[in-house]
Trainee: 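Just passing along the structure, written as structure tokens.
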Amino acid sequence: MSPNEKSNPPQPDPAASPEPAEGRTTDQELARAEKLKKLVAAGVDPFPHKIERTHAAADVAAEFGARSKEDLEAAKPRVRVPGRILSVRQMGRATFFHISDGRVKIQVYIREDAVGREAYERFFLFDIGDWIAVEGTLFRTRTGELTVMVESFQFVAKCHRPLPEKWHGLQDVEIRYRRRYLDLIMNPEAAAVFRLRSAVVAYLRRYFDERGYIEVETPMMQAVPGGALARPFVTHHNALDTDLYLRVAPELYLKRLVVGGMERVYEINRSFRNEGIDAEHNPEFTMLEFYQAYSDYNDMMDLTEDLLGGLVRDLLGGDAFPYGDDVISVKRPFQRLKFRDALERYGGLDARAFDDRAGVIRLGEEMAPDKKPLTYGRALDVIFDKRVKRHLVQPTFLINPPKEVSPLAKAALGSTDEAARFELFVSGMELANAFSELTDPVEQRLRFEQQAGERAKGDDESHPIDLDYVQALEYGLPPTGGEGIGVDRLAMLLGNRRNIREVILFPLLRPRE
RNA sequence: GGGCCGUUAGCUCAGUGGUAGAGCACCGGCCUUUUAAGCCGGGUGUCGCUGGUUCGAGCCCAGCACGGCUCACCA
């Protein structure tokens, strides 16, 4: 067969409306496809390879936002700026519209007498939602709004589907989460939260980098899912024919690195916990963990105050910020409250009740019948969760919880049943968890075995035995302070969002269909 | 997993057992500094799905799906 006889492969119609991903094609989608066809017929490339621009919309605002009307009229600055059309106001032979780069909206003015009749009519083959690049000079309207006077414009990309309503934005939370791009287009305050989150993470990295910490990445797929008391996700490696777990925490690997001489390490990345989903929990979430040799949990408290104070000052200004109905102050020092004192103050346990171990267990089991049988320490933890947590609104270091629920922490100095550990609570939410790391390999092994004993009694939240980790400790871990901070929750606080899904771009939802 | 609530046009939402509605968007007109532009005309729909009750169901009942809140769970 000669090349000439080869039939051309079928070419897609570049202006065709995409098959609807779900449901039927609506009248509005058909109208949009028709307009694109006309543009293509007029010679427009529906999928241009590159768009030249001088400014993003945000650049225009930043560079010219302060220039006066007279100044702009004299200078006539030229810009070529792309953006998505968000609204159109046509008045006969002149039209105003707004384009956005996802951060800033810029008004554009197009007049038939400036661009010519043909181009002016071509503009009406664009729809709200389409991407356009406009070139022209900047001026201010009667009302003072910075505006591009169009001299020419270029098609950038088609929006085949109508955008949500311009005034109310996109309200349906399910669509907001499933199709986050629509949320980002329509709800600028939602987009702003994710920019804030990015700034939070950048600050954290800067903070630790400047203090001599090494950023590392440790396994997310682990043979023993340790470092926290949580149910893991299971997966399977085919070539090795072995089950692996998605990590519930990076902790044990980070401490192995300290054994290896990396005396200051941190990691910011995802962990996975196969638990319920609610306003404070997403199955995959981002944790900052950091470890510092030659330190203890008191040093971690100092560091935490410094870190959060600086973060709030840097990103929000000042040392307090609104969260829901509260104003959270990160002024040093944070309240320090012993676990036992917290239970006495808010949990209705006086000293005598505290010492009545059977009574405590009974109370805990009444509050959490699913968790029976409870140990003393577990029961205290339950009572804390139910009664105390919600009272800890201002940043509070909750110090020395039961050793029993802290299998990776040293015992508190001078105590046999309390851990050298704190949890930081803000607005009733656990934000951080830190301890003086347990460095004794013999005791670590014992603690693991105790946990295994509880596991055997049906407790699937106990810590699994990790003998490989014990072996690492046998090579010597210097005194080390370590801490984990929930980055999503930190973003919730600074962004004043009550739901973790507002700070996770694509939160886990049940798959559709 | 339990309880409560929601699901109606592309979006935001009304809807009282008896012809399916509004605003925005869209379509056709008018309009050269508007900005939730305005004015005139047009309703474009699998009322989440499946059954049931009824002469008749968006509405009442049951089941299911998805979502929200909440409780449970949860470092």
Side-chain angles (χ1 to χ4, degrees), chain A residues 20 22-32 34-35 69 86-98 105 107-114 120 127-129 139-145 147 149 159-178 182 185-186 227-231 248-249 251 271 273-283 285 287 367-371 381-382 384-386 389 398 401 405-409 421 423-425 429-435 460-461 463 484-486 489 498-499 501 507 509-513:
Chain A
E22 52 182 35
R24 69 212 145 65
T25 305
T26 65
D27 59 330
Q28 299 203 36
E29 287 159 8
L30 291 172
R32 283 167 180 259
E34 274 311 304
K35 288 187 190 172
K69 187 176 171 83
L86 289 185
S87 60
V88 177
R89 294 173 293 284
Q90 187 195 352
M91 293 152 301
R93 296 170 194 278
T95 296
F96 285 96
F97 58 102
H98 274 105
K105 283 198 287 188
Q107 184 167 255
V108 185
Y109 186 41
I110 181 168
R111 300 168 48 135
E112 187 183 287
D113 59 9
Y120 190 69
D127 286 299
I128 290 176
F139 75 106
R140 282 192 189 277
T141 62
R142 264 179 208 158
T143 55
E145 181 165 352
T147 302
M149 171 75 84
C159 179
H160 283 278
R161 292 164 171 266
L163 291 184
E165 207 245 351
K166 65 183 173 190
W167 185 242
H168 298 92
L170 179 62
Q171 299 296 323
D172 184 320
V173 292
E174 188 176 354
I175 300 178
R176 287 187 52 232
Y177 299 154
R178 287 191 194 276
L182 283 179
I185 293 166
M186 300 308 299
L229 314 179
R231 282 199 293 268
V248 297
E251 167 150 355
S271 288
R273 297 186 184 176
N274 204 341
E275 313 277 7
I277 299 174
D278 64 25
E280 291 173 14
H281 298 87
N282 194 59
F285 63 102
M287 248 204 314
M367 291 173 138
D370 295 1
K371 288 187 150 189
D381 209 34
V382 166
F384 172 81
D385 275 352
K386 303 282 180 196
K389 201 157 76 170
L398 183 83
V405 294
S406 314
L408 302 166
R421 169 185 180 189
E423 292 168 285
L424 174 63
F425 285 86
M429 189 160 65
E430 185 192 338
L431 183 64
N433 178 29
F435 25 92
D460 54 1
E461 289 152 26
H463 198 291
I485 295 180
R489 291 177 180 179
R498 289 257 129 176
N499 195 307
R501 290 165 166 169
L509 298 178
R510 187 180 293 276
R512 299 212 73 159
E513 287 162 288

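Quick caveat, the model's predicted, so the values are computed rather than measured. In what follows, every chain begins at residue 1, and chains take the letters A, B, ... in the order their sequences are listed.
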Trainee: How far does the C1' atom of G63(B) sit from the matching atom of C27(B), given to the nearest Å?
Mentor: 42 Å
Trainee: Using purine N1 to pyrimidine N3 plus N6-O4 or O6-N4 for Watson-Crick, or N1-O2 and O6-N3 for G-U wobble, both under 3.5 Å, which nucleotide pairs with G23(B)?
Mentor: C11(B)
Trainee: Determine the interatomic distance between P on U16(B) and the same-named atom on G21(B); round to the nearest Å.
Mentor: 14 Å
Trainee: Tell me every residue that passes salt bridge (Lys or Arg N to Asp or Glu O under 4.0 Å) with Arg111(A), counting only those two or more places apart in sequence or in another chain.
Mentor: Asp113(A)
Trainee: Starting the side chain at C-beta, find the nucleotide from U12(B), C74(B), U32(B) nearest to His168(A).
Mentor: U12(B)
Trainee: Please enumerate all residues that pass ring pair (Phe, Tyr, Trp, His ring centres under 6.0 Å) together with Tyr120(A), with sequence neighbours excluded.
Mentor: Phe124(A)
Trainee: If pairing requires Watson-Crick or G-U wobble contacts with both distances under 3.5 Å, which nucleotide is the partner of C60(B)?
Mentor: G52(B)
Trainee: With 3.5 Å as the limit, what N/O pairs link the protein to nucleotides 25-27 of chain B?
Mentor:
{"unit_1": "A25(B)", "atom_1": "OP1", "unit_2": "Lys166(A)", "atom_2": "NZ", "d": "2.9"}
{"unit_1": "A25(B)", "atom_1": "O2'", "unit_2": "Gln28(A)", "atom_2": "OE1", "d": "3.3"}
{"unit_1": "A25(B)", "atom_1": "N3", "unit_2": "Gln28(A)", "atom_2": "NE2", "d": "2.9"}
{"unit_1": "C26(B)", "atom_1": "O4'", "unit_2": "Gln28(A)", "atom_2": "OE1", "d": "3.2"}
{"unit_1": "C27(B)", "atom_1": "OP1", "unit_2": "Lys35(A)", "atom_2": "NZ", "d": "2.9"}

Trainee: Take atom P in G15(B) and the same atom in G51(B), then report the distance between them in whole Å.
Mentor: 28 Å
Trainee: Any side-chain donor paired with an acceptor under 3.5 Å for His168(A) and Gln171(A)?
Mentor: no
Trainee: Write down the distance separating the C1' atoms in C26(B) and G45(B), rounded off to the nearest Å.
Mentor: 14 Å
Trainee: Of all the nucleotides listed (U32(B), C73(B), G67(B)), which has the minimum atom distance to the side chain of Lys386(A)?
Mentor: C73(B)
Trainee: Searching all strands shown, indicate the nucleotide that pairs with G6(B) (Watson-Crick or G-U wobble; both distances under 3.5 Å).
Mentor: C66(B)
Trainee: Which nucleotide in the list U34(B), U12(B), U32(B) gets nearest to the side chain of Leu170(A)?
Mentor: U12(B)
Trainee: What I want to check is whether an N or O donor and acceptor connect the side chain of Arg142(A) with the base of U33(B) at under 3.5 Å.
Mentor: no
Trainee: Tell me: CD of Glu280(A) to C1' of A72(B), nearest whole Å?
Mentor: 15 Å
Trainee: Check the distance between G67(B)'s P and Glu174(A)'s CD and give it to me in whole angstrom.
Mentor: 6 Å
Trainee: Return the value, rounded to whole Å, for the distance between atom CZ of Arg498(A) and atom C1' of U70(B).
Mentor: 15 Å
Trainee: Taking any heavy-atom pair under 4.0 Å as a contact, classify Asn282(A): base, sugar-phosphate, or nothing.
Mentor: nothing
Trainee: What interatomic distance, in whole Å, is found between P of C11(B) and the corresponding atom of U46(B)?
Mentor: 12 Å
Trainee: Given atom CD1 of Ile185(A) and atom C1' of U12(B), what is their separation to the nearest angstrom?
Mentor: 17 Å
Trainee: Given the P atoms of U33(B) and C47(B), what is the spacing between them in whole Å?
Mentor: 45 Å
Trainee: Who passes salt bridge (Lys or Arg N to Asp or Glu O under 4.0 Å) against Arg176(A), sequence neighbours left out?
Mentor: Asp183(A), Glu502(A)
Trainee: When you measure from the side chain of Arg489(A) to the backbone of Leu431(A), do you find a donor-acceptor pair of N or O atoms at a distance under 3.5 Å?
Mentor: no
Trainee: When you measure from the side chain of Arg111(A), which nucleotide among U33(B), U34(B), A36(B) comes out closest?
Mentor: U33(B)
Trainee: Between the protein and nucleotides 1-3 of chain B, list every N/O to N/O distance that falls short of 3.5 Å.
Mentor:
none

Trainee: I want to verify a distance call: between C13(B), C31(B), U34(B), whose nearest atom is closest to the Gln171(A) side chain?
Mentor: C13(B)
Trainee: Can you tell me how far P of C24(B) sits from CZ of Arg89(A), to the nearest Å?
Mentor: 15 Å
Trainee: On RNA chain B, does the nearest nucleotide to Leu509(A) precede the nearest nucleotide to Val405(A) from the 5' side, or the other way round? Give the residue.
Mentor: Leu509(A)
Trainee: Rounding to the closest angstrom, what is the interatomic distance between G48(B) and A9(B) at atom C1'?
Mentor: 15 Å
Trainee: Who pairs with Arg93(A) by salt bridge (Lys or Arg N to Asp or Glu O under 4.0 Å), at least two apart in sequence or on another chain?
Mentor: Glu112(A)
Trainee: Quantified in whole Å, what is the C1' atom distance between nucleotide C24(B) and nucleotide G56(B)?
Mentor: 34 Å
